[in-house]
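Okay, structure first, notes after.
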Amino acid sequence: AVVLLDVVMETQDAGLQMVRHIRDDLGMSEVRIILRTGQPGYAMELEVFTSYDINDYRTKSELTQTRLFTAVISALRSYQQIRTIAENRRGLEKIVHAASDLMELRALGSFAEGVLIQLAGLLRLPVDGIVCAQRGAPTGPADPQGLYVIGAAGRHADLVASPLSRVDAPGVVSAIEQCMQARQHLFAPALTVLYIRSGESEGAVYLQTDSPLAATDQQLLEVFAANISSCFGNVRLVERLNYVAYHDGLTGLPNRSCFIRDLDAVARAGEQVVIALLDLRHFADLNDGLGHDVGNALLKGVAARLLERLGGACRVARIGADVFGVVGPEAAVNPESLFEVFAQPVDAAGNHLPLSITLGFCRVLGEERSGLALLKSANIALNRAKRSLSESYQYFVPEMEDRSRWRLEIINRLRTDFREGLLEVWFQPKVQLRGGVCVGVEALLRWPGPEGGFVQPPDVFIPLAEYSGVIVDLGRWVLDSAAAIYPALRQSIPGELSIAVNISMPQFLGGGFVDEVREVMVRHGLPRGVLELEVTESVAMEEPKAVIGSLAALRDAGVRVAIDDFGTGYSSLAHLRELPIDCLKIDRAFIKDIAGGEGGMFAETIVALGSKLGLTIVAEGVETEEQAGFLRGLGCGVAQGYLYARPMRLPDLLAWLASRPRH
Ligand code: C2E
Ligand code: MG
Ligand code: MG
């Protein structure tokens, strides 16, 4: 606190150099300095005083015992005042800082710390043995009644964010509890607890004073407590908002934003971890089937299971409705252990529900990538896994990103080309195997490119159109274009005539599809029995409820229904019976097989089955006379394939028809 220094030592001004060293080099601005010199009037007193912040300057002869005593005492006092001011300033800075730190999660912590420093400064106490507590966990709803430490200094400093009961000093805990219970300040001989409250938020500040506080100090503290109360309320409110912004209300887990922030931190720290995204399969069905309460309970159950099994080593978050995120070391975050986590059914409102999950992984190899980019990669892997029929998990590899960028480009180009009217509907005839009469056409989309040829074949762009939803508008336009050729076709085909259009799942799900079809039939004057809609087996099986209802309504409206690519899906024959359909189209893979010895077996079975169920059977992809002959022998009615004609534009189709037998 105080330095006594001779001015003249080795040199005339050694003492002054020492002072400069203390102030400038050591940066000790608070320490008080008393200079002593043997030669009165020697140094330039005033200058020394002002430029070196000297407390006192005495000649040897002046320094009597009393003089020395008073000089030292006054220097000590002055030192103490300087310290108090400095402490106060630090405390104020902390409180001011708390306001600007509000957006940070630890805002409440720095607020509490500011309060503690301020108090210590006010009371000239060491910043030690002081605790701030509040009701309710600092982050999250854990135990709303329990008391938690939100700020602490000195010997309790490491208890921040823990329950108050962990403070290893029964006197401290009981004093704080007493204050909270009574809802008022507690002034005891050796300690003080201030009660602070703003609206719903209440807390306490404990400080060890060791001796009773003076009455003026008590008043000061009361004013102080009143002042910080409203600030405390604001900070808590902001913290609460922060919590809500970063957490999922249902499960209490961190949400997507929080997960991204964590991933940012992980990437910045260069940690070598693995991210997993976990998708609950068929959650929507469970939710619809068992009710939303069970659905919610299931999500909570999944969250609890993840925390219980992985919470120690990993961070767990809820990323979307039925997607959870996990990040942690490879030893914990890998397909085997995650599938194992859900090997047992999950409790959901008294139900034990077995769950199947799909996983997308992304390894973080300490590279510089943003959290958002990492999440995106994991998502690409997840989507890949969801589309895969054979694998229920995938690890992200950079090629996937190229692939998805490519897919995105195709989708965008498809969208603009469609808008600009560049797409075309072509038609492929269907003919009777006996007699070769054309009995209908199938409308097939084409995407011609600027330099002849096609931008992409339908096998490639139709799935992308389905994935992106573009198929809904596209499909509506195909339907309309196909129906529009009816008058022209009727002229060429006087007898049995069908116009077939392929329909994708998203078209069914939109609602209003049946009305749309009816409206198209009316607009183009199609009688009942002409329009035929082809749906693939998987469409018919995937969402049976939605689809069967629509199919039945369509048939009532006079639309024929065909199952396309039959034999490639997994439908059971029993199921087939329940579907309201008129026609089965044997997939061309089975027609191709006909050349081989027993290759025709499948075709034979389907034809037999079809006639039993009263269905028309169409063979797809008939390319050779041999295949046609074989099918004819089975009694198969209709064929479609390159043997007869490829898909064509309308004028070519009409020319082709003109050259065919008509009856
Ligand atoms: P799909 O409905 O099974 O259509 C039959 C496919 O077989 C057509 O392929 C046709 O060109 C082809 N094909 C016909 N005869 C032969 C043959 O003898 N040999 C061979 N190798 N192939 C033959 P395309 O036009 O490439 O269409 C592929 C798939 O794209 C269609 O299969 C259908 O599922 C889908 N698609 C086409 N247009 C549309 C549409 O407007 N809407 C929807 N949702 N899907 C469509
Ligand atoms: Mg088809
Ligand atoms: Mg087909």
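For ligands, and for the atoms within them, numbers begin at 1 and follow the listed sequence. Keep in mind that what you see is a predicted model, and the values were worked out from it rather than measured.
In terms of protein heavy atoms, atom 29 (C) of ligand 1 is closest to Asp459 OD1, 3.5 Å. Looking from atom 8 (C) of ligand 1 to the surrounding protein, the closest heavy atom is Leu444 CD1, 3.9 Å. If you check which protein heavy atom lies closest to atom 15 (N) of ligand 1, you get Gln428 NE2, 3.0 Å. Nearest to atom 32 (O) of ligand 1 among the protein's heavy atoms is Asp564 OD2, 4.6 Å. Scanning the protein heavy atoms around atom 43 (C) of ligand 1, the nearest turns out to be Asn502 CB, 3.5 Å. Protein heavy atom nearest atom 7 (O) of ligand 1, with residue, atom name and distance: Arg588 NH1, 2.7 Å. Atom 38 (N) of ligand 1 has as its closest protein heavy atom Leu445 N, 3.1 Å. For atom 44 (N) of ligand 1, the closest non-hydrogen atom on the protein side is Ser504 OG, 2.8 Å.
Residues Val561 and Glu532 fail the side-chain proximity criterion, which asks for heavy atoms closer than 4.5 Å. Put simply, the side chain of Asp564 does not reach to within 4.5 Å of the side chain of Val535, judged on heavy atoms. Counting heavy atoms from C-beta outward, Arg523 and Asp480 have side chains that approach closer than 4.5 Å. No side-chain heavy atom of Ile411 sits under 4.5 Å from any side-chain heavy atom of Leu414. Within the 4.5 Å cutoff, no side-chain heavy atoms of Leu650 are placed close to those of Glu424. Proximity of Ile493 to Val439: side-chain heavy atoms (C-beta onward) are nowhere separated by under 4.5 Å. The shortest side-chain heavy-atom distance between Val618 and Cys583 falls under the 4.5 Å cut-off. Side-chain contact between Tyr395 and Cys362 is absent, with no heavy-atom pair separated by less than 4.5 Å.
Both tests do not hold together for Arg649 against Phe427: distance to the six-membered ring centre under 6.0 Å, angle to the ring axis within 45°. Because its NZ or CZ atom is both nearer than 6.0 Å to the ring centre of Tyr467 and within 45° of the ring axis, Arg407 counts as a cation-pi partner of that residue. For Arg315 and Phe259, the positive end is not near the middle of the six-membered ring at less than 6.0 Å and at most 45° from its axis.
Close contacts of ligand 1 with Glu620, meaning ligand atoms under 4.0 Å from a residue heavy atom, involve 1 (P), 3 (O), 5 (C). Those atoms of ligand 1 that come under 4.0 Å of a heavy atom in Val622, given as number and element, are 18 (O). Which parts of ligand 1 touch Glu623 is read off a 4.0 Å heavy-atom cut-off, strictly below it: atoms 17 (C), 18 (O), 19 (N), 20 (C), 21 (N). Each of the following atoms of ligand 1 lies closer than 4.0 Å to a heavy atom of Pro458: 24 (P), 25 (O), 26 (O), 27 (O), 28 (C), 30 (O), 37 (C). Contact atoms of ligand 1 toward Pro647: 11 (O) (distance under 4.0 Å to a heavy atom of the residue).
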Name each donor-acceptor pair under 3.5 Å that joins a side chain in residues 287-294 to protein atoms two or more places apart or in another chain, with its distance.
none

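Ligand 1 has a nitrogen or oxygen under 3.5 angstrom from a nitrogen or oxygen of Arg446. Of the N or O atoms in Glu442, one or more lie within a sub-3.5 Å distance of an N or O in ligand 1.
Between Phe590 and Phe602, the two ring planes are parallel [angle under 30°; tilted spans 30° to 60°].
Within the 4.0 Å heavy-atom criterion, the part of Ile462 lying near ligand 1 is the side chain and not the backbone.
Atom CD1 of Ile275 is separated from atom CG of Leu375 by 7.0 Å, given to the nearest 0.5 angstrom.
Counting only protein N, O or S atoms, the number found under 2.8 Å from the Mg ion (ligand 2) is 4.
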